[in-house]
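Comments concern the structure below.
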Amino acid sequence: MVAVPSLFRGCLDSSMTQRWHGPIKTALNDEAILNKTVDEIMTTGRIVTCSPDTSLDDALELIVEHHVTGLPVVDEENRVVGIISDFDLLALEGVSEEEKTGGLFPTADKDWNSFFEVQKLVEKNAGTTVSDVMTTDPVCVRALTSIPSAAHLLLHKRIRRLPVTDDEGRLIGIITRSNIIKAAWESRKTKQV
């Protein structure tokens, strides 16, 4: 088994530990990263967002146009009310006609959990706006959240991005797995010089 950097200890299962190798693993264990906070590495400025009443086609266009995998959904006061991801949009295409008309009970080859997941997708499939398919009550962090805490949430919850909010829940930035990896790599390069 591959040793897990202390930053991620306790939040990875054994299959995920295989992902961390060599220089990145070492960089993620660097004290310089362990002592940083989200505000030091988050993406700020013009963050691409959408509103709950944005059409699904417009949300998909924003995702493709801006080369992102998801968007914070904000209300008129810029408070985060949800997240819509490429997965949410792809899942809409993944429900077969058979699953849509699957009936009241799961078939013998399906368990109740997968049945409920399909039912949720069927309900979302009828949606036309972001509010119909978004994840509500998304996991958010504050600017002074530690990088280890943010990394733990990203990996443990198996999500790609965390909106960063102020005390009133307004969006002030976003932190992604890429932000963390980039910071770890830059820290490693600086240490080698």
Side-chain angles (χ1 to χ4, degrees), residues 16 19 38-39 41-107 109-143 145 150-182:
M16 294 175 77
R19 295 181 183 172
V38 165
D39 64 332
I41 67 169
M42 69 184 183
T43 300
T44 58
R46 189 177 184 289
I47 299 167
V48 183
T49 64
C50 64
S51 69
D53 60 346
T54 301
S55 76
L56 293 178
D57 286 342
D58 288 346
L60 181 57
E61 183 177 344
L62 286 169
I63 286 172
V64 170
E65 184 178 304
H66 293 280
H67 307 286
V68 295
T69 59
L71 305 169
V73 182
V74 296
D75 66 12
E76 52 282 337
E77 295 178 18
N78 207 39
R79 285 188 305 253
V80 177
V81 296
I83 289 277
I84 186 161
S85 70
D86 54 357
F87 179 81
D88 295 321
L89 297 170
L90 285 171
L92 297 177
E93 299 299 322
V95 180
S96 70
E97 287 304 314
E98 179 183 312
E99 289 170 320
K100 289 178 188 176
T101 59
L104 185 58
F105 298 104
T107 59
D109 63 332
K110 304 240 190 228
D111 65 20
W112 281 101
N113 288 334
S114 62
F115 175 75
F116 290 134
E117 289 302 313
V118 168
Q119 293 304 86
K120 278 198 276 187
L121 289 175
V122 168
E123 289 171 16
K124 285 184 173 188
N125 203 2
T128 58
T129 64
V130 167
S131 64
D132 296 326
V133 301
M134 70 182 187
T135 300
T136 56
D137 299 320
V139 178
C140 296
V141 294
R142 300 287 173 84
T145 301
H152 175 82
L153 286 169
L154 288 165
L155 292 168
H156 184 69
K157 300 282 187 183
R158 296 178 186 228
I159 53 180
R160 294 182 178 177
R161 73 208 57 76
L162 289 167
V164 183
T165 60
D166 65 12
D167 292 340
E168 284 80 40
R170 289 185 300 255
L171 185 67
I172 59 170
I174 194 159
I175 186 164
T176 65
R177 294 182 293 183
S178 295
N179 292 124
I180 293 172
I181 295 299
K182 181 180 177 188

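The shortest side-chain heavy-atom distance between T129 and L56 does not fall under the 4.5 Å cut-off.
Residues A150 and I175 approach most closely at CB-CD1, 4.5 Å, considering heavy atoms.
Every residue was checked against the salt bridge (charged side-chain N to carboxylate O under 4.0 Å, His left out) condition with D137, not counting sequence neighbours, and none meets it. Remark: R170 pairs with D166, E168 by the side chain to side chain donor-acceptor pair (under 3.5 Å) rule, at least two apart or across chains. With sequence neighbours excluded, no residue satisfies side chain to side chain donor-acceptor pair (under 3.5 Å) with D57.
Residue I83 holds its CD1 atom at 8.0 Å from CG of L162, rounded to the nearest 0.5 Å. Between atom CG of residue D39 and atom CZ of residue R142 there is a gap of 13.0 Å, rounded to the nearest 0.5 Å. To the nearest 0.5 Å, the span separating CG on L153 from SG on C140 amounts to 10.5 Å. Separating the CD1 atom in I63 from the NE2 atom in H66 is a distance of 10.5 Å, to the nearest 0.5 Å. Taken from CD1 in I174 to OG1 in T165, the straight-line distance is 11.5 Å, to the nearest 0.5 Å. Taking OG1 from T136 and CD1 from I84, the interatomic distance works out to 12.0 Å, rounded to the nearest 0.5 Å.
At distances below 3.5 Å, not a single donor-acceptor pair connects side-chain atoms of T135 with backbone N or O atoms of P138.
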Tabulate below the donor-acceptor pairs under 3.5 Å that side-chain atoms of residues 42-55 make, not counting sequence neighbours, or state none.
from, atom 1, to, atom 2, distance (Å)
T43, OG1, N179, ND2, 3.3
S51, OG, D53, OD1, 2.3
S51, OG, T54, OG1, 3.2
T54, OG1, S51, N, 3.0
T54, OG1, S51, O, 3.1
S55, OG, D58, N, 3.0
S55, OG, D58, OD2, 3.3

Donor-acceptor pairs under 3.5 Å, side chain of residues 67-80 to any protein atom, not counting sequence neighbours: which ones?
from, atom 1, to, atom 2, distance (Å)
T69, OG1, R161, NH2, 2.6
D75, OD1, E77, N, 2.9
D75, OD1, N78, N, 3.2
D75, OD1, R79, N, 2.9
D75, OD2, R79, NE, 3.1
D75, OD2, R79, NH2, 3.0
E77, OE1, R79, NH1, 2.5
N78, ND2, L171, O, 3.1

